[in-house]
Protein chains: 4
Amino acid sequence: MENLNSKDLLGRREQERRWRRQYILNVAERLFAQKGYHQTTMAEIAKASEFGMATIYQFFKSKDKIYLTLLHEKIDLLLKLIKQAIEEAQTPLEKIKAIIQVKLKFFQKNRDFFRIYALHRQNIVVLLREELGKKIDEKYQEGLSTLAQIIEEGISQGEFKRFPPKEMAVLISGMIQAFIHEWIKSEEEVQLTSKLPIILDFLFYGLKGKI
Amino acid sequence: MENLNSKDLLGRREQERRWRRQYILNVAERLFAQKGYHQTTMAEIAKASEFGMATIYQFFKSKDKIYLTLLHEKIDLLLKLIKQAIEEAQTPLEKIKAIIQVKLKFFQKNRDFFRIYALHRQNIVVLLREELGKKIDEKYQEGLSTLAQIIEEGISQGEFKRFPPKEMAVLISGMIQAFIHEWIKSEEEVQLTSKLPIILDFLFYGLKGKI
Amino acid sequence: MENLNSKDLLGRREQERRWRRQYILNVAERLFAQKGYHQTTMAEIAKASEFGMATIYQFFKSKDKIYLTLLHEKIDLLLKLIKQAIEEAQTPLEKIKAIIQVKLKFFQKNRDFFRIYALHRQNIVVLLREELGKKIDEKYQEGLSTLAQIIEEGISQGEFKRFPPKEMAVLISGMIQAFIHEWIKSEEEVQLTSKLPIILDFLFYGLKGKI
Amino acid sequence: MENLNSKDLLGRREQERRWRRQYILNVAERLFAQKGYHQTTMAEIAKASEFGMATIYQFFKSKDKIYLTLLHEKIDLLLKLIKQAIEEAQTPLEKIKAIIQVKLKFFQKNRDFFRIYALHRQNIVVLLREELGKKIDEKYQEGLSTLAQIIEEGISQGEFKRFPPKEMAVLISGMIQAFIHEWIKSEEEVQLTSKLPIILDFLFYGLKGKI
DNA sequence: TATGAATGAGTATTCATTCAT
DNA sequence: GATGAATGAATACTCATTCAT
């Protein structure tokens, strides 16, 4: 509703502008994922998006900005989806399940983005200097915190064991990330979400637990 | 004993040569970890190691080679340490414990290297063309397989639940990697190995299991 | 007429582009002739042509390409001039006279190019690997063949003695080349073409012949 | 006789030294001829001659020096052979014949050297700055002058036509040089000297002369 | 004496970014 | 608004030459 309205209120000019901006981002996402940040040149982005180089620069101030915007917006979307899923879930257990499910679904639809996302956490070193770079790391931490809070909630409800919540959040995130990473590398056609039950079983009861 | 002997057998010249080579690798490791592969220039490596640029090239044919050799040799060392630890352990459970302990110890001592190691898996896209790049990926897979085998062993001994071993290996590796990653980012002085019990508890009994 | 038309049909942009390209070639020709291929740097070519380095690279893919294009285009021009001259001549004798006259005139106007041209035949060893390098050698052989054919024609018309035509062509080419070479080295202001009668007399009647 | 004596007078040390120096020159000659001056590295010369790099520098002050010494000494030899041949000949005609015959023989035995020799005349541009480089050009001019003198002699004896001697010398040298060049390129096994009669016939009577 | 490891000065080439049109 | 030609700053790599051994 909001989006529609906001679009309607925009003139055709502005709408076209946004559409082109998004188009460039999509092209850049594909190229960055395929060849990596450094191996992708602005000329390639321009050519692949069928814009002139200078046009690209009217939308994004620099190559860095394209890259960071990419991360920024998609992570926002992911966080938003996670938030929605949590709100619809009741118990901590269900919430965790919901988060993982959303992540699997999301990256299943955004393979290209995952490559960039996974890679990014290292580039942080360099990018953290940039304002936008800092914000992305904050968002990543935000995701971790959300998870940690849920775990804490679960602990106080006697649902989960007394583990340090932040550290558990890290472990769980790492599990999921590695799982997705492997799936993308394998280039299998299997539905990533089909693995959810196993992951959850492992997550809740471990290698040995629950008979 | 063996190493000492083999060193004694080498001439002084050869010993010095190896020492210098190693010195360059160490410098490069620090720089790569600090600034990333692309941001580190050969001139910087030369200056920081107090060698002339061309001298660096007498030890390593290219910048790539330095990077890959770095990975190559340290991963070899890690795999060797893991192998030793496994041999000394009896049960699958102890073996997994040993692997994780070794990893935590290793990266506690090799913070710089971890940044490179973690980053590498993504750069694979580009590096896989290189012979040396392929070998490193093989080693990574080797590590996963070892873990998977132990899990399989545990399953057939009724020690672990019937999970798909390879996928469990991925999950566990991801957990550990994320944990180390977070620890390095936090720049805490806490002993990484002190976290072992928590990790193991989570790993074997999950969030909910074994009261 | 044709050229004018074809130029008129080109847009201003394309015309300018060609002009700049030619300008770079001219500058490179002067520098290569003065200092030789290896002693001439891309930076010098850029500076002397008052373009940025990268601009040079937009016109020519590499330093080699500049050099080879230079040879390529000028040799084409020379061959074209020779062809025209031959067509206007009647007898084999007149044709040979025409060829030599054209060559003398051409290099009189293209002193710089001669140095490059003469030198090239030796560098062939290295350049033959390049596609463009091979083509230039073919053109050189083409020039020799043309001369050889005319000699053959002259022989069958009873005009010339029964000499092996190809070898005569080589001898005559060598004569001319050495003559031009010496003239350029001497840096005399005498018209090179003024020497034509002597050369022809020697060529047709030898040191001793025709009283 | 002289050489033997002078050798005998030298100590073993000095004899060995000369022999090594010559060995290096021979190796360099082969390499320069194969790959050209710039493409040949000092390291290659060292390796191919089985000396250490610094040892090469004890014999020759620089790469340039090797190259120039090479030219220097072989040209000296050629000039000496030509001188001898001239002294044994009586008439100008016989002298010219002798010169050409000596050249053909010499380069037939020194193919490698010819490549360097032919190429050199262009490198002059760069090398003339060097003292040794100037001397080589002087020697080349000396050769031309000798030939010109003989022609002059022939003219005053009524043997040859009244041509400008220097220019004739240039034409003849060019002929011979081109002929040898073509022969080397063709890599034929035919004896180069077998072509002498044709060359002389052309040289003395031209394409048309003396039926 | 002989060496080869060490070196720095030099060079071709690339690419993000900016204007002139 | 849109373009792409122009650019300079940056960088991996080479090679003749020199010393320390």
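So you know, we letter chains A, B, ... as the sequences are listed, proteins then strands, and number each from 1. Because the structure is predicted, anything quoted here is derived from the model rather than measured.
Taken residue by residue, residues 40-53 of chain B places heavy atoms nearer than 4.0 Å to DNA chain F at B/Thr40, B/Thr41, B/Met42, B/Met53.
Nearest heavy atom pair, residue B/Ile45 against residue B/Val27, reads O-CG1, 4.0 Å.
Side-chain contact between A/Ile116 and A/Tyr67: present, with at least one pair of heavy atoms (C-beta onward) separated by less than 4.5 Å. Two residues are said to be in side-chain contact when any heavy atoms from C-beta on lie closer than 4.5 Å; A/Gln34 and A/Arg115 fail this criterion. Contact of the C/Lys35 side chain with the C/Glu44 side chain is registered, since non-hydrogen atoms from C-beta on lie closer than 4.5 Å.
Partners of A/Phe51 by side-chain contact (heavy atoms from CB on, under 4.5 Å), not counting sequence neighbours, listed by chain and number: A/Arg20, A/Tyr23, A/Ile24, A/Ser49, A/Thr55, A/Ile56. The side-chain contact (heavy atoms from CB on, under 4.5 Å) check on A/Arg21 picks up A/Leu25, A/Phe59, A/Phe60, A/Thr69, A/Glu73, with sequence neighbours excluded. Residues that satisfy the side-chain hydrogen bond (donor to acceptor under 3.5 Å, both in side chains) test with B/Asp112, not counting sequence neighbours, are absent from this structure. In this view, A/Lys139 and A/His72, A/Asp76 satisfy the side-chain hydrogen bond (donor to acceptor under 3.5 Å, both in side chains) rule, not counting sequence neighbours. Considering only residues two or more places apart in sequence or on other chains, C/Lys63 meets the side-chain contact (heavy atoms from CB on, under 4.5 Å) condition with C/Phe32, C/Tyr37, C/Met42. Checked against side-chain contact (heavy atoms from CB on, under 4.5 Å), B/Ala54 has no partners two or more places apart in sequence or in another chain. Residues forming a side-chain hydrogen bond (donor to acceptor under 3.5 Å, both in side chains) with A/Gln58 (at least two apart in sequence, or on another chain): none.
For DNA chain F, the stems formed by at least three consecutive Watson-Crick or G-U pairs, with both atom-pair distances below 3.5 Å, span E:2-21 with F:2-21.
Remark: C1' of E/dT1 and CD of D/Glu16 are 12 Å apart, rounded to the nearest angstrom. What separates NZ of A/Lys65 from P of E/dT18 is a distance of 12 Å, to the nearest Å. Nucleotide E/dG10 holds its P atom 15 Å from the NZ atom of C/Lys63, rounded to whole Å. Rounded to an integer number of Å, the gap from B/Tyr37 OH to F/dA12 P is 8 Å. Rounded to whole angstrom, the span from the CZ atom of A/Arg21 across to the P atom of F/dA2 amounts to 15 Å. Per the geometry, NE2 belonging to D/His38 stands 9 Å off P belonging to F/dA16, to the nearest Å. Per the geometry, CZ belonging to C/Arg20 stands 8 Å off P belonging to F/dT7, to the nearest Å. Atoms CD (A/Gln39) and P (E/dC15) sit 9 Å apart, rounded to a whole Å.
Among the atoms of the strands shown, only primed sugar atoms or phosphate atoms (P, OP1, OP2) are found under 4.0 Å from some heavy atom of C/Phe59. A/Arg17 comes within 4.0 angstrom of nothing in the nucleic acid, heavy atoms only.
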Could you go over nucleotides 19-21 of chain F and give all protein N or O partners under 3.5 Å, atom names and distances?
none

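Residue B/Gln58 places at least one side-chain N or O under 4.0 Å from the OP1 or OP2 atom of E/dA6. Taking side-chain N and O atoms only, C/Thr55 has no distance below 4.0 Å to OP1 or OP2 of F/dA5.
Distances from the side chain of C/Tyr57 to the nucleotides E/dT14, E/dA6, E/dT17 place E/dT14 closest.
Going from atom CG of D/Asn26 over to atom CG of D/Leu31 covers 11.0 Å, rounded to the nearest 0.5 Å.
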